[in-house]
Amino acid sequence: MNTLEAAEVPQSLAVSYARGFGEDGRAWIAGLPTLAAEFLDRWELKRDGAVGAGEASLVLPVLRRNGTRAVLKLQMPREETTAALIGLRTWNGDGVVRLLDHDPETSTMLLERLNAARTLAAIEDDDVAMGILAELQARLVRVPAPQGLRSLGDITAEMLEKVPKAVEALADRAGRQLLRGWASAVAELVDEPGDRMLHWDLHYDNVLAAQREPWLAIDPEPLAGDPGFDLWPALESRWDDVVTKNDALRVVRRRFDLLTEVLGLDRSRATGWTFGRLLQNSLWDIDDGETTLASSSVAITKSLLNR
């Protein structure tokens with residue numbers, strides 16, 4: 001059957017959209033079967049496997065008219081999906097999944113098919129895995145950010161305005177000191193936010209095995225800024241395993257040194273922007289009602305300060 005049945009829409013995706021977007025999200029989920037049918041027909045696609053989904057998108061494996069394997073990615077239009085389209089068009093497959101077709105109005109994408117069953121997390125040697133990620137990231141950030149992307153400078157200014165209220169929401173003195181310290185580090189860098197195109201979410205599970213190259217990045221959320229702001233997802237990759245081995249400080253230092261070496265970054269500046277990323281994450285958590293900082297953020301800070 002070359003249609004999408006309502007029953008095939010994963011409940012987890014429906015819950016995510018209802019939680020994140022309310023009535024608009026529920027309406028979009030209800031319209032998914034019709035949207036899928038429209039693009040299966042428009043792009044002459046034939047379904048070729050089971051439905052997949054992330055937190056914000058539904059993915060259908062398909063075959064193009066010429067027999068090429070691809071995936072149809074359906075997601076609700078918003079700032080992040082517009083940025084993803086800009087990024088994928090600009091990178092044009094260099095180190096990242098290739099965009100084969102797209103519809104800007106609905107944010108629907110047709111992408112080359114990668115091996116979703118094998119992510120970079122499958123590589124047990126962390127130095128090897130991080131080296132692969134770093135090489136991909138270096139290729140991505142060498143591209144100047146095009147027009148249309150949010151600027152790290154704007155994001156940073158917004159973050160710093162929220163800090164005083166966020167500090168008051170934290171329950172312990174150590175957390176408040178840490179948040180102020182991150183903000184102080186960012187304040188020193190805010191006037192030089194950078195102009196590279198950042199992936200913004202490059203971690204082990206967003207690097208898939210491929211045929212065109214051994215590994216390619218997926219799911220970018222492009223932003224214009226300094227590459228140092230893009231390191232945190234890699235530093236926190238496979239975090240539960242890192243914690244279980246009771247070796248978090250060494251692993252973070254090793255990953256940070258490898259990333260900054262391959263990307264050619266000034267380590268002091270990269271540390272400051274990494275603190276900026278921890279600040280951003282913590283502000284989001286506080287907005288969601290958290291009163292303590294994430295243990296991983298505390299561990300990463302301790303590791304980088306004690307390098």
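None of these values were measured; they are calculated from a predicted model.
A continuous path of Ile, Leu, Val, Met, Phe, Trp and Tyr side chains, each step under 4.5 Å between heavy atoms, connects Val128 with Leu202, placing both in one hydrophobic cluster. Val51 and Leu111 are not part of a single hydrophobic cluster, where members link through side-chain heavy atoms under 4.5 Å apart. Under a hydrophobic-cluster definition in which Ile, Leu, Val, Met, Phe, Trp and Tyr are linked whenever side-chain heavy atoms come within less than 4.5 Å, directly or via other members, Leu110 and Val71 are assigned to different clusters. Linking ILVMFWY side-chain heavy atoms closer than 4.5 Å, directly or via other members, places Val15 and Val59 in two distinct hydrophobic clusters. A single hydrophobic cluster is seen to contain both Val62 and Leu100, as judged by linkage of ILVMFWY side chains at heavy-atom distances under 4.5 Å, directly or through other members.
Ser297 has its side chain out of reach of Ile300: every pair of non-hydrogen atoms, C-beta onward, lies at least 4.5 Å apart. Residues Leu170 and Thr291 form no side-chain contact, since every pair of their non-hydrogen atoms from C-beta on lies 4.5 Å or further apart. Using a 4.5 Å heavy-atom threshold, the side chains of Leu263 and Pro227 count as touching. Taking 4.5 Å as the limit, some side-chain heavy atom of Leu32 sits within range of a side-chain heavy atom of Leu74. Residues Leu265 and Arg269 form no side-chain contact, since every pair of their non-hydrogen atoms from C-beta on lies 4.5 Å or further apart. Using a 4.5 Å cut-off on side-chain heavy atoms (C-beta onward), Phe275 and Leu305 make contact. At a threshold of 4.5 Å between non-hydrogen side-chain atoms, the residues Glu105 and Pro77 do not count as touching. Put simply, the side chain of Trp239 does not reach to within 4.5 Å of the side chain of Val251, judged on heavy atoms.
Across all non-hydrogen atoms, the minimal contact from Ala270 to Leu231 is CB-CD1, 4.1 Å. Considering every non-hydrogen atom in both Met109 and Ala84, the closest pair reads CE-CB, 3.8 Å. Closest approach of Gly93 to Arg212, counting heavy atoms only: O-NH1, 2.8 Å. Taking both residues in full, the closest heavy atoms of Asp230 and Trp200 are given as OD1-N, 2.7 Å, listed atom of the first, atom of the second, then distance. In this structure, Arg255 and Ala234 approach most closely via the heavy-atom pair NH1-O, 3.5 Å. Closest non-hydrogen pair, Val96 versus Leu216, comes out as N-CD2, 3.7 Å.
Between Ser107 and Gln75, the side chains place no donor N or O within less than 3.5 Å of an acceptor N or O (distance only, hydrogens not considered).
A donor-acceptor pair is defined here as one N or O able to donate and one able to accept, closer than 3.5 Å; such a pair exists between the side chain of Thr260 and the backbone of Phe256. For the pair Ser237 (side chain) and Pro233 (backbone), a donor-acceptor distance under 3.5 Å is present. No donor-acceptor pair under 3.5 Å is formed between the side chain of Asp191 and the backbone N or O of Gly153. Judged by distance alone, with hydrogens and angles left aside, the side-chain atoms of Glu8 form a donor-acceptor pair with the main-chain N or O of Glu5 at under 3.5 Å. The backbone N or O of Ile218 sits less than 3.5 Å from a side-chain atom of His199, completing a donor-acceptor pair. With Ser16 contributing its side chain and Ser12 its backbone, the two residues share no donor-acceptor pair below 3.5 Å. Asn206 contributes a side-chain N or O that, together with a main-chain N or O of Asp201, makes up a donor-acceptor pair within less than 3.5 Å.
Enclosure of atom CG in Asn306 by more than 12 non-hydrogen atoms of other residues, nucleotides or ligands within 6.0 angstrom is indicated. Within a 6.0 Å radius of CD in Gln211, other residues, nucleotides and ligands contribute 12 heavy atoms or fewer. In Arg65, the CZ atom is not crowded: 12 or fewer heavy atoms of neighbouring residues, nucleotides or ligands sit closer than 6.0 Å. Residue Glu192 places its CD atom among 12 or fewer non-hydrogen atoms of other residues, nucleotides or ligands, all under 6.0 Å distant.
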Test side-chain contact (heavy atoms from CB on, under 4.5 Å) on Leu63 and Arg113 and set out the steps. CA-CA 10 Å; Leu63 293 175; Arg113 198 188 307 182; 4.1 Å; yes
Give the intermediate values and the outcome of side-chain contact (heavy atoms from CB on, under 4.5 Å) for residues Met159 and Leu283. CA-CA 8 Å; Met159 288 195 298; Leu283 291 173; 3.8 Å; yes
Could you please spell out the steps behind the salt bridge (charged side-chain N to carboxylate O under 4.0 Å, His left out) verdict for Arg254 and Asp126? CA-CA 10 Å; Arg254 175 64 180 157; Asp126 196 66; over 6 Å; no
Check the pair Lys162, Asp287 against side-chain contact (heavy atoms from CB on, under 4.5 Å), reporting the backbone distance first and the verdict last. CA-CA 10 Å; Lys162 296 179 180 179; Asp287 282 344; 4.3 Å; yes
What do the steps show when you test Thr119 against Val207 for side-chain contact (heavy atoms from CB on, under 4.5 Å), and what is the final call? CA-CA 6 Å; Thr119 75; Val207 179; over 6 Å; no
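The structure places CG of Leu178 at 5.5 Å from CG of Leu293, a figure rounded to the nearest 0.5 Å. Once rounded to the nearest 0.5 Å, the distance linking CD of Glu158 with CD of Gln280 reads 9.5 Å. To the nearest 0.5 angstrom, Leu149 atom CG is 12.5 Å from Arg196 atom CZ. Between atom CG of residue Leu160 and atom CD1 of residue Ile155 there is a gap of 12.0 Å, rounded to the nearest 0.5 Å. To the nearest 0.5 Å, the span separating CG on Leu223 from OG on Ser151 amounts to 7.0 Å. In this structure, CD on Gln137 lies 13.0 Å from CZ on Arg142, to the nearest 0.5 angstrom.
Between Glu23 and Arg26 there is a salt bridge, since at least one side-chain N of the basic residue sits less than 4.0 Å from a carboxylate O of the acidic one. Taking a cutoff of 4.0 Å between a charged side-chain nitrogen and a carboxylate oxygen, Arg42 and Asp103 qualify as a salt bridge. Classification of Arg150 and Glu80 as a salt-bridged pair fails, no side-chain N sitting under 4.0 Å from a carboxylate O. Salt-bridge formation is detected for the pair Asp219/Lys73: a Lys NZ or Arg NE/NH1/NH2 atom is positioned less than 4.0 Å from an Asp or Glu carboxylate oxygen. A salt bridge does not link Glu44 to Arg64: none of the charged nitrogens lies less than 4.0 Å from a carboxylate oxygen.
Taking the six-membered ring where tryptophan is involved, the planes of Trp28 and Tyr17 are essentially parallel, since the angle between them stays under 30° and well short of 60°.
A cation-pi arrangement is absent between Arg238 and Tyr204 under the rule of less than 6.0 angstrom and at most 45 degrees off the ring axis.
Looking at Leu60, Leu35, Leu72 one by one, the single match for side chain to side chain contact (heavy atoms under 4.5 Å, CB included) with Leu4 turns out to be Leu60.
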